[in-house]
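Computed from a predicted structure; not experimentally measured. Proteins come first, then strands; the chains are lettered A, B, ... in the order of their sequence lines, and each starts at number 1.
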Protein chains: 2
Amino acid sequence: MDIPHQCQFCNRQANSAFHDLSTEGLAEISQLKTCVSFRKGQVIMHEGARPQGVYCIHNGKVKLYTLGTEGKEQIIRFVTSGDLIGYRSILSEEPISASATALEDTHACYIPKSSFFKVIQDNPKFSLNLLKLSCHELGEAGKMITSLAQKNVKERLAEILLILNTTFGEDEDGYIDINLTREEIANMVGTATESVIRLISELRKEGYIRSKGKRIALEDRVSLRQMAAIYE
Amino acid sequence: MDIPHQCQFCNRQANSAFHDLSTEGLAEISQLKTCVSFRKGQVIMHEGARPQGVYCIHNGKVKLYTLGTEGKEQIIRFVTSGDLIGYRSILSEEPISASATALEDTHACYIPKSSFFKVIQDNPKFSLNLLKLSCHELGEAGKMITSLAQKNVKERLAEILLILNTTFGEDEDGYIDINLTREEIANMVGTATESVIRLISELRKEGYIRSKGKRIALEDRVSLRQMAAIYE
DNA sequence: TCAAATATATGATAATTGTCATTTTGAATC
DNA sequence: GATTCAAAATGACAATTATCATATATTTGA
């Protein structure tokens, strides 16, 4: 895997918070960052820690999750190419609120805290982009709160499947392009693994999805949207 | 009620995102803003709308809520003195994600969108403060997501009561200083009104709280924290 | 202060979801 | 390809919470 060492030549930049950064800004980060790799399953950051830097994901998929009181995971979000991990903790000066674990082998650039602050000071446009991103994510979080509070488990599962399909797209066989156990899906839906298994089976029988092993493909997106009560 | 017309003299500024704003910045906003009032129950902003400005709350209490598919409210947060409403929608260029309704008579300053953008451009420190605030709120939202997904209703009620007590403080009789119906509490906990009523009665019998009419006072904060599984 | 409206309280029952136990299947590793 | 272990699947039952109906208490507005 050949990662461009210079941020200016990184093609992930287009969909990252860095997309408005000046050439000087990008050169600045390039100088200060280091490249790191994580194996599938490796913990990138621990909930409660105080990170000394920010990761910019080059490739790979990462889940952000908290542990509930009984040690059960709650997956809050996923992070993919171009996304940053850890900046929120650094900026709000709080411990990091969710752990990050690589779902597959992942490459990232690590920017030390002081460098990150320097780039922020020197590039107000960058911090404005982070602000926009955070505002967007707050809206999404509000939606998730409402779903968890008011929708039943089947509705929430339909919603999560649609979100996964949108987030990760489809592989060449049309399956959602992410490798998740039923337990992990349950940890997003906020329900018991068996409940998810049963409902996936039910959705398959009803013709809304098809599955093969762990993999799931959406077959009737319109009906799933209706079921999930998602409106545009 | 005498609201200082000049932002420089507003004592709410200390706990707002404006607290780092220069004297010139404050003078700038003062010139551009208008003062507005809302009666109890009045809608300040509608979910889905595209606000043309930002409100900075001077006094009063406001609930931010979304409507679920059956028209039931989900209260996401409260907004009080010094807080801003609408900036996220403006910055993320998305419709506003939650309605805002005054829980009591409320006074605010209204800053038109263009003025708000101007202040942001001219004062990077201000946008950095908004970013910090958003990062903090994202952490809080993550916690709420985990609670809704994993805690049972009693645990969540205990948590919500603690949050209310912290957010609004206590009146001279020791009751949480906010006037909420059991339905509204249920709309935060994400459960049926009857369930909240029953559990409040139960918590009262168990000695954790006392209540008088709608009002609720915490009697045993330590046990409530344990019950809510909240750790520091 | 009073009446009406709304909120709270309670009981009974239904529905949804969780837990536990066991079997089957599939994925990962060597 | 074989083996092992983890994940998926399924059934039975338990627990939690929602819904519906009704009575009582409180709040609100004139």
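Residue pairs meeting the salt bridge (Lys or Arg N to Asp or Glu O under 4.0 Å) criterion with at least one partner in residues 211-220 of chain A, sequence neighbours excluded, are Asp171(A)-Arg215(A), Asp173(A)-Arg215(A), Arg210(A)-Glu219(A). For the ring-ring contact (aromatic ring centres under 6.0 Å, His included) condition, no pair includes a residue of residues 144-166 of chain A, sequence neighbours left out. Residue pairs meeting the ring-ring contact (aromatic ring centres under 6.0 Å, His included) criterion with at least one member in residues 199-227 of chain A: none, sequence neighbours excluded. Within the structure, salt bridge (Lys or Arg N to Asp or Glu O under 4.0 Å) pairs that include any residue of residues 161-170 of chain A comprise Glu170(A)-Arg221(A) (at least two apart or interchain). Screening residues 169-201 of chain A for ring-ring contact (aromatic ring centres under 6.0 Å, His included) gives no qualifying pairs among residues at least two apart or on separate chains.
Distance CD1 (Ile197(A)) to C1' (dT17(C)): 14 Å, rounded to an integer number of Å.
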How would you summarise protein contacts on nucleotides 20-30 of chain C per nucleotide, using B for base, S for sugar-phosphate only and - for none, with heavy-atom distances below 4.0 Å?
BB-----SS--

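Ile197(B) meets the side chain to side chain contact (heavy atoms under 4.5 Å, CB included) test with Arg182(B), Thr193(B); sequence neighbours excluded. Partners of Arg198(B) under the side chain to side chain contact (heavy atoms under 4.5 Å, CB included) rule, at least two apart in sequence or in another chain, are Glu194(B). The ring pair (Phe, Tyr, Trp, His ring centres under 6.0 Å) search around Phe116(B) returns Phe126(B), not counting sequence neighbours.
Of the residues in residues 145-155 of chain A, none lies under 4.0 Å from DNA chain D by heavy-atom distance.
Between Arg182(A) and Leu199(B), it is Arg182(A) whose nearest contact on DNA chain D lies nearer the 5' terminus.
Contacts of Thr193(A) with the nucleic acid, taken as non-hydrogen atoms under 4.0 Å apart, are absent.
Chain B approaches DNA chain D over the interval dT17(D) to dT28(D), counting the first and last nucleotide 5' to 3' with an atom under 4.0 Å from its heavy atoms.
Under the 6.0 Å cut-off for aromatic ring centres, Tyr65(A) and Phe78(A) do not qualify, their centroids lying 6.0 Å or more apart.
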Donor-acceptor pairs under 3.5 Å, side chain of residues 153-164 of chain B to any protein atom, not counting sequence neighbours: which ones?
residue	atom	partner	partner atom	Å
Lys154(B)	NZ	Glu202(B)	OE2	2.7
Lys154(B)	NZ	Glu206(B)	OE1	3.2
Lys154(B)	NZ	Glu206(B)	OE2	3.2
Glu155(B)	OE1	Asn152(B)	N	2.9
Arg156(B)	NE	Val189(B)	O	2.9
Arg156(B)	NH1	Lys151(B)	O	2.9
Arg156(B)	NH2	Val189(B)	O	2.9
Arg156(B)	NH2	Gly190(B)	O	3.2
Glu159(B)	OE1	Ser147(B)	OG	2.8
Glu159(B)	OE1	Lys151(B)	NZ	2.9
Glu159(B)	OE2	Ser147(B)	OG	3.3

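For Thr191(A), no side-chain nitrogen or oxygen approaches OP1 or OP2 of dT17(C) to under 4.0 Å.
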